[in-house]
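See below for the structure under consideration.
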Amino acid sequence: MAFTKIDDFSSMHLDVLREIGNIGSGNAATALASLLNTVVDIEVPVISLISYEKVAEYLGGKDTKALGMTVELEGDVHGCMLEVVHYEFANKLINTFYPKELATLDDVDDMDLSVVREMSNITTAAYINSIAAMTQLFINIQPPDSYLDSVSNLVAIPAEKLSRDYNEPVLYIDEKLHIGDTEMKSGLILVLDSNSIQILFKKLGMPYE
């Protein structure tokens, strides 16, 4: 099975993907709390297998400007994880480390980006480590690359990196975080190549044919 359409995935496949997302979100909250030295709560994430087009809608619309952090996966599986960070989250995160007034994301400089990249490196690693622990697969991740662009351009990056069809489904993790008294949203997109998806389900004892 090629897993190129949402209909290729059974309810069992989707349940496994959601469980990976749930475990990853808990690990991400713990890691982020350690980075920020404060309490971080993540609500149970909404995890969906949807098209790239719908991802842009979920992330505030295709023309919305946001920061995108991509982490490439290597080893037993190949893929790309994208974290989309909006202004509110970036502003709160940066001001946790040092005071800075950000009118818009256009005010973000290299030092600010390093803070956001470090956060993304920690949170995406939490998800990838969850997959590795559940499957006993070796998965290495590269340092994150950062982009400031429209949501539509950001969500296209994983497909371009993996030469994937823009119409193929992606795993979308919609997170709602509480850092202190501030509520923020973050969106993560996990894209694996077709062979890696089959390897993943086989390791989990799931039928894929």
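This chain uses plain numbering: 1 for the first residue, then up along the sequence.
Of the possible polar contacts, none joining the S34 side chain to the A31 backbone as a donor-acceptor pair under 3.5 Å is found. In this structure, the side chain of H86 engages the main chain of L59 through a donor-acceptor pair within 3.5 Å. No donor-acceptor pair under 3.5 Å is formed between the side chain of D174 and the backbone N or O of G187. A donor-acceptor pair is defined here as one N or O able to donate and one able to accept, closer than 3.5 Å; no such pair exists between the side chain of N91 and the backbone of Y87.
Under the rule for a ring pair (Phe, Tyr, Trp, His ring centres under 6.0 Å), the partners of Y58 that lie at least two apart in sequence or sit in another chain are Y172. Applying the ring pair (Phe, Tyr, Trp, His ring centres under 6.0 Å) rule to Y127 yields no partners; only residues at least two apart in sequence or on another chain are considered. Among residues two or more places apart in sequence or in another chain, the side chain to side chain contact (heavy atoms under 4.5 Å, CB included) test is passed with T38 by L36, V40, I179. For the salt bridge (charged side-chain N to carboxylate O under 4.0 Å, His left out) test, no residue two or more places apart in sequence or in another chain qualifies with D63. Partners of S196 by side-chain hydrogen bond (donor to acceptor under 3.5 Å, both in side chains), not counting sequence neighbours, listed by chain and number: D193. With sequence neighbours excluded, no residue satisfies side-chain hydrogen bond (donor to acceptor under 3.5 Å, both in side chains) with T124. Not a single side-chain hydrogen bond (donor to acceptor under 3.5 Å, both in side chains) links E57 to another residue, sequence neighbours left out. Take E88 and apply the side-chain hydrogen bond (donor to acceptor under 3.5 Å, both in side chains) test, not counting sequence neighbours, and it matches no residue.
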query: Should F89 and L67 be marked as a side chain to side chain contact (heavy atoms under 4.5 Å, CB included) after you check the CA-CA gap, both sets of side-chain angles, and the distance that decides it?
result: CA-CA 10 Å; F89 191 0; L67 288 171; over 6 Å; no

- prompt: Stepwise, does the side chain to side chain contact (heavy atoms under 4.5 Å, CB included) test hold for V108 with L148?
  reply: CA-CA 9 Å; V108 171; L148 174 60; 5.8 Å; no

- prompt: Could you walk me through whether S150 and N153 pass the side-chain hydrogen bond (donor to acceptor under 3.5 Å, both in side chains) check?
  reply: CA-CA 5 Å; S150 67; N153 287 338; 3.3 Å; yes

query: Would I94 and L102 satisfy side chain to side chain contact (heavy atoms under 4.5 Å, CB included), going step by step from the backbone distance to the final call?
result: CA-CA 9 Å; I94 292 164; L102 292 175; 3.6 Å; yes

field: Working for side chain to side chain contact (heavy atoms under 4.5 Å, CB included), residues V155 and I189
entry: CA-CA 8 Å; V155 300; I189 300 166; 3.7 Å; yes

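Contact check for I141 versus N121: side-chain heavy atoms found under the 4.5 Å cut-off. Residues I122 and L32 fail the side-chain proximity criterion, which asks for heavy atoms closer than 4.5 Å. For the pair V170/L190, no side-chain contact is recorded, criterion being any heavy-atom separation below 4.5 Å from C-beta on. Looking at heavy atoms from C-beta onward, V116 lies in side-chain contact with M69 at the 4.5 angstrom threshold. Under the 4.5 Å side-chain criterion, counting only non-hydrogen atoms from C-beta, T123 is in contact with E83.
Residue pairs that meet the salt bridge (Lys or Arg N to Asp or Glu O under 4.0 Å) test with at least one member in residues 101-111, sequence neighbours left out, are K65-D106, K100-D109. Listed by first and then second residue, the salt bridge (Lys or Arg N to Asp or Glu O under 4.0 Å) pairs involving residues 132-141 amount to none (not counting sequence neighbours). A salt bridge (Lys or Arg N to Asp or Glu O under 4.0 Å) check over residues 118-131, counting only residues at least two apart or in different chains, returns nothing. The salt bridge (Lys or Arg N to Asp or Glu O under 4.0 Å) analysis of residues 138-152, with sequence neighbours excluded, yields the pairs D145-K161.
For the atom pair S120 OG and L93 CG, the distance stands at 10.0 Å (nearest 0.5 Å). To the nearest 0.5 Å, atom CD of residue Q136 and atom NZ of residue K203 are 7.5 Å apart. L192 contributes atom CG, which lies 6.5 Å from atom CG of L73 (distance to the nearest 0.5 angstrom). The line from CD1 of I197 to NE2 of H78 is 13.5 Å long, rounded to the nearest 0.5 Å. Separation of atoms SG (C80) and CD (E72) is listed at 5.5 Å; rounding is to 0.5 Å. Atoms NZ and CD1, from K202 and I199 in turn, are 8.5 Å apart once rounded to the nearest 0.5 Å.
Annotation for K92 and T96: closest pair O-OG1, 2.7 Å, computed over non-hydrogen atoms. The two residues A66 and V85 come nearest to each other via the heavy atoms CB-O, 3.6 Å. S114 and M111 make their closest contact through OG-O, 2.5 Å (heavy atoms, listed as atom of the first residue, atom of the second, distance).
Under the side-chain contact (heavy atoms from CB on, under 4.5 Å) test applied with L188, the options I173, V84, L82 reduce to a single match, I173.
In the hydrophobic clustering of ILVMFWY residues, with side-chain heavy atoms under 4.5 Å counting as a link, F138 and F201 come out apart.
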